[in-house]
Amino acid sequence: MYHKLLTSIAVACSVATYAGQVSITTRNLSLILNADEGKQPEYVYFGSRLQPNEARLLLPPTGGRMDAYPAYGMNCPAEAAFACTHADGNMSTQLVVTGTEQQGDLTTIHLKDPVYNLRVDMKYKAFADADMIEAWTEVINGEKGTIRLTTFASAMLPIRRGNVWVSHLYGSWANEGRVAEEELQPGELVIRNNDGTRNSHTDHAEVMFSLDGKGQENTGNVIGAALCYSGNYKLTTVTDDTEYHYFFAGINEQNSEYHLKRGETFATPHLAITFSREGLSGASRNFHRWGRKYRLMHGDRERMVLLNSWEGVYFDINQQGMDQMMGDIADMGGELFVMDDGWFGGKYPRKVDNSSLGDWVVDRQKLPDGIEGLLRDARKHNIKFGIWIEPEMTNTISELYEKHPDWVLKAPNRAPVTGRGGTQLVLDLSNPKVQDFVFSIVDDLMTKYPEIAYIKWDANMPVLNHGSQYLPMADQSHLYIAYHRGLEQVCQRIRAKYPDLVIQACASGGGRANWGVLPYFDEFWVSDDTDALQRIYMQWGTSYFFPAMTMASHISAAPNHQTGRVVPLKYRIDVAMSGRLGMEIQPKNMTEDEKSLCRKAIGEYKQIRPIVQLGNLYRLQSPYEHKGLASLMYVNDAKSKAVWFWWKTETFVNQHLPRVRMAGLDPARIYTVRELNRIDRKPLPCEGKQFLGAYLMEHGLEMPYTHDTGGAWASRVLLLE
């Protein structure tokens, strides 16, 4: 059965044209548009792959507006993907096809206004082996004067009405990546961000549309869309009196009117779109494959097991303490130690969070041997060393601010609005001098200390007051866009010089979980909340669009520092092992038995690391269904190995939990089961036993609701080989 959805994004491994019809195809997808010269381009089909003879037989959809990139002014009541005020003041635009071209996997449909010298190129890039299509537009001003762009979506996608549900991610600090599911209803569903620096706290720039009712994990037809952008975005789904929903995605134009000068080109962010007939998890697997191979920095490399110092000592950094933590994580099998906030400041030492950002010199009172001494100790313990920085920010209490008050974002003629600690300010990355400074922070560290293997890059403040001291007054509306262009330019410079450096995107926790920054970052900090139970919910949602290797997931202390919840160490380990395993704890406060359990878990994680970090995810039982448990699994490409996770999420007397069926295995292959992180006196009944893949996918395995060592919590990790 073919599904006539429609998408304003696509490109292809193979592209064919039949009398104005453009067909863009990947391994399992087809996008087909009519692109007759002199007419507006129109969607014809988006869904499962069609053969060329099938594509030629398609009839154009009826009952809706199929314009692939609708412009404002000639049908004003309809939602527009593009709007501008021309140099002469005319607010209407028409865009018709002037030609199409294809170069490899890139397809371009050229559009032009018949009256004005305004051109728009619709771009589609296909990733055949990942079943992903990226779409974006490039606006070229050939008019005699400046054009004011007021709406500039990356793409539009019509979706046939029916029982369509949307899944998206919401949350706030310490509660990021939560899943919201709702049926699309008449009216508008708007998901947007106004943070300015970080865009993944209040909501995410990614959505999934389930076309057969409320989304199911491994069955059903699903469209997934992710805007690859680090700044303010807007995703709008309009449901009017036609037969279609209309999905628009792009930069949030609010307070961001862009003045496009003569001869200038404005490129929108890429929108990545996929389609799967294997449910939400199927769409996720497409995003993960595409991301690891084409978007994510070092997407083919396994991530290191690390200890981060933050929850262990907070600002209480000192040479002896860092040496002790390095020794402890090395003894437990870790590979990297990361020193967090509190290590820097000259005139203003960083003792709490209200000073010193921008003054990136070692505090010799805390670290008399400097970073050289830390690297010496890391070598002694045979582990790598990493460091925390927050390069986009400063404080009013800092030498940097005293020297360069003109470098901060500040509304004209007004005092700056401060953030964290009552003193924090955001540096103006639209300013090339600020870009040079931010680059120099990393460059100076790496030049002086080339052994540094990892940087935790934080960003703890939004844009609270609109104003650039660098941009002309007439172009203050460029601020949000110019900031993220500047950030990207800095990141490009860093990666050109330091391609092997591992960098984490941290932003008050999970504020930068987006595909806009991940071409330059290896991972992100999912949340400042390390509570294992809450992490199940957050990491579940985050996995909709991001692979496990991007999700820093750490074993922390009990009681948890954010929730106060006491969760057993095994449970904390079992949750952390489903992402990029690390630790966020003071090891000297652990018992020897606890260290021994972590040592065993780290060793076993290294065995399953290739499966978890590079394998294919199958989400099995959602915690959001409130059945008392959550379960997911990873399967390698060869289907020869899998890792199955099972966590009980609540405990009641006489409770009854569903038996979880597995997925993604080879039905004809026999798998031997081994439990990891075992704490029970007696092994599971399935331990060491062999099962046919078909049996495990049809019936699953029964799990005891408790451990025989006692307690209300229960979790299991099984390796299938």
Side-chain angles (χ1 to χ4, degrees), residues 6-10 20 22 33-44 60-61 64-100 107-124 135-159 188 190 227 233-238 240 242 244-254 256-262 264-271 477 481:
L6 298 164
T7 172
S8 154
I9 336 192
V22 175
L33 303 97
N34 282 338
D36 296 316
E37 291 196 16
K39 296 182 180 180
Q40 297 182 33
E42 294 186 327
Y43 286 111
V44 176
R65 298 182 301 277
M66 295 299 109
D67 295 349
Y69 200 66
Y72 176 80
M74 304 304 287
N75 182 9
C76 297
E79 190 76 10
F82 178 84
C84 76
T85 301
H86 295 277
D88 66 358
N90 191 338
M91 294 180 65
S92 68
T93 299
Q94 281 186 301
L95 295 173
V96 300
V97 176
T98 60
T100 61
T107 299
T108 303
I109 300 176
H110 299 290
L111 311 177
K112 184 182 179 300
D113 189 303
V115 176
Y116 292 90
N117 193 10
L118 168 70
R119 291 179 287 125
V120 175
D121 285 347
M122 298 175 62
K123 300 280 189 176
Y124 302 94
W136 70 100
T137 57
E138 295 179 1
V139 183
I140 305 101
N141 179 13
E143 298 185 27
K144 294 181 179 179
T146 297
I147 296 173
R148 300 203 307 273
L149 305 181
T150 54
T151 301
F152 30 84
S154 296
M156 189 279 288
L157 168 67
I159 302 172
E188 291 189 9
V190 179
L227 189 69
Y233 61 81
K234 186 169 78 170
L235 312 179
T236 304
T237 306
V238 178
D240 56 18
T242 69
Y244 284 80
H245 308 285
Y246 303 93
F247 172 64
F248 297 81
I251 293 174
N252 185 351
E253 73 275 13
Q254 182 176 354
S256 291
E257 177 181 274
Y258 194 87
H259 307 143
L260 191 66
K261 297 178 177 60
R262 180 181 182 182
E264 187 181 356
T265 298
F266 181 90
T268 65
H270 292 209
L271 178 63
S477 62
I481 295 171

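The structure displayed is predicted, hence computed values, not measured ones.
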Rounded to the nearest 0.5 Å, what separation is found between the CE atom of Met122 and the CG atom of Leu33? 6.5 Å

Any residue meeting ring-ring contact (aromatic ring centres under 6.0 Å, His included) with Tyr246, in chain and number order, not counting sequence neighbours: none

Decide yes or no for Phe248 and Pro70: does some side-chain heavy atom of the first lie under 4.5 Å from some side-chain heavy atom of the second? yes

Check Leu95 against Gln40 and note the closest heavy-atom contact, atom names and distance. O-CG, 3.2 Å

Residues passing the ring-ring contact (aromatic ring centres under 6.0 Å, His included) test with His110, sequence neighbours excluded, are none

For Thr108, all residues meeting side chain to side chain donor-acceptor pair (under 3.5 Å), sequence neighbours excluded: Lys123

Atom CD1 in Ile147, atom CZ in Arg262: separation rounded to 0.5 Å? 11.0 Å

Those residues at least two apart in sequence (or on a different chain) that pass salt bridge (charged side-chain N to carboxylate O under 4.0 Å, His left out) with Lys261 are Asp475

Give, for atom CG of Leu118 and atom CG of Asn141, the distance between the pair rounded to the nearest 0.5 Å. 7.0 Å

Work out which heavy atom in Ala155 is nearest to a heavy atom in Ala135; give both atom names and the distance. CB-CB, 4.3 Å

With sequence neighbours left out, what residues match Lys112 under salt bridge (charged side-chain N to carboxylate O under 4.0 Å, His left out)? none

Short side-chain to backbone donor-acceptor contact, Asp113 and Gln94, under 3.5 Å: yes

Partners of Asp240 by side chain to side chain donor-acceptor pair (under 3.5 Å), sequence neighbours excluded? Arg65, Thr242

dist Asn75:CG -> Asp67:CG (nearest 0.5 Å) comes out at 8.5 Å

Phe266: side chain to side chain contact (heavy atoms under 4.5 Å, CB included) partners, not counting sequence neighbours: Val139, Leu149, Phe152, Ile251, Tyr258, Leu260, Thr268, Ile481, Arg485

Distance check, rounded to the nearest 0.5 Å: Asp121 atom CG versus Thr100 atom OG1? 11.5 Å

Closest approach of Tyr244 to Gly64 (non-hydrogen atoms, all atoms of both residues): CD1-CA, 3.8 Å

Sorted by chain and residue number, the side chain to side chain donor-acceptor pair (under 3.5 Å) partners of Ser92 (sequence neighbours excluded) come out as Asn90

At what distance, to the nearest 0.5 angstrom, does OG1 of Thr146 lie from CD of Glu264? 8.5 Å

Under the salt bridge (charged side-chain N to carboxylate O under 4.0 Å, His left out) test, residues paired with Arg148 that sit two or more places apart: Glu257

Measure across Thr93 and Ala71 and return the closest heavy-atom pair with its distance rounded to 0.1 Å. O-CB, 3.6 Å

Using side chain to side chain contact (heavy atoms under 4.5 Å, CB included) as the criterion, list what pairs up with Val190, not counting sequence neighbours. Glu188, Arg192, Lys234, Thr236

If you look at every heavy atom in Thr151 and Ala81, which pair is closest and at what distance? CG2-O, 3.6 Å

How close do Met91 and Tyr72 get, heavy atom to heavy atom, and via which atoms? O-CD2, 3.6 Å

Sequence neighbours excluded, the answer for ring-ring contact (aromatic ring centres under 6.0 Å, His included) partners of Tyr116 is His86

Under the salt bridge (charged side-chain N to carboxylate O under 4.0 Å, His left out) test, residues paired with Glu79 that sit two or more places apart: none

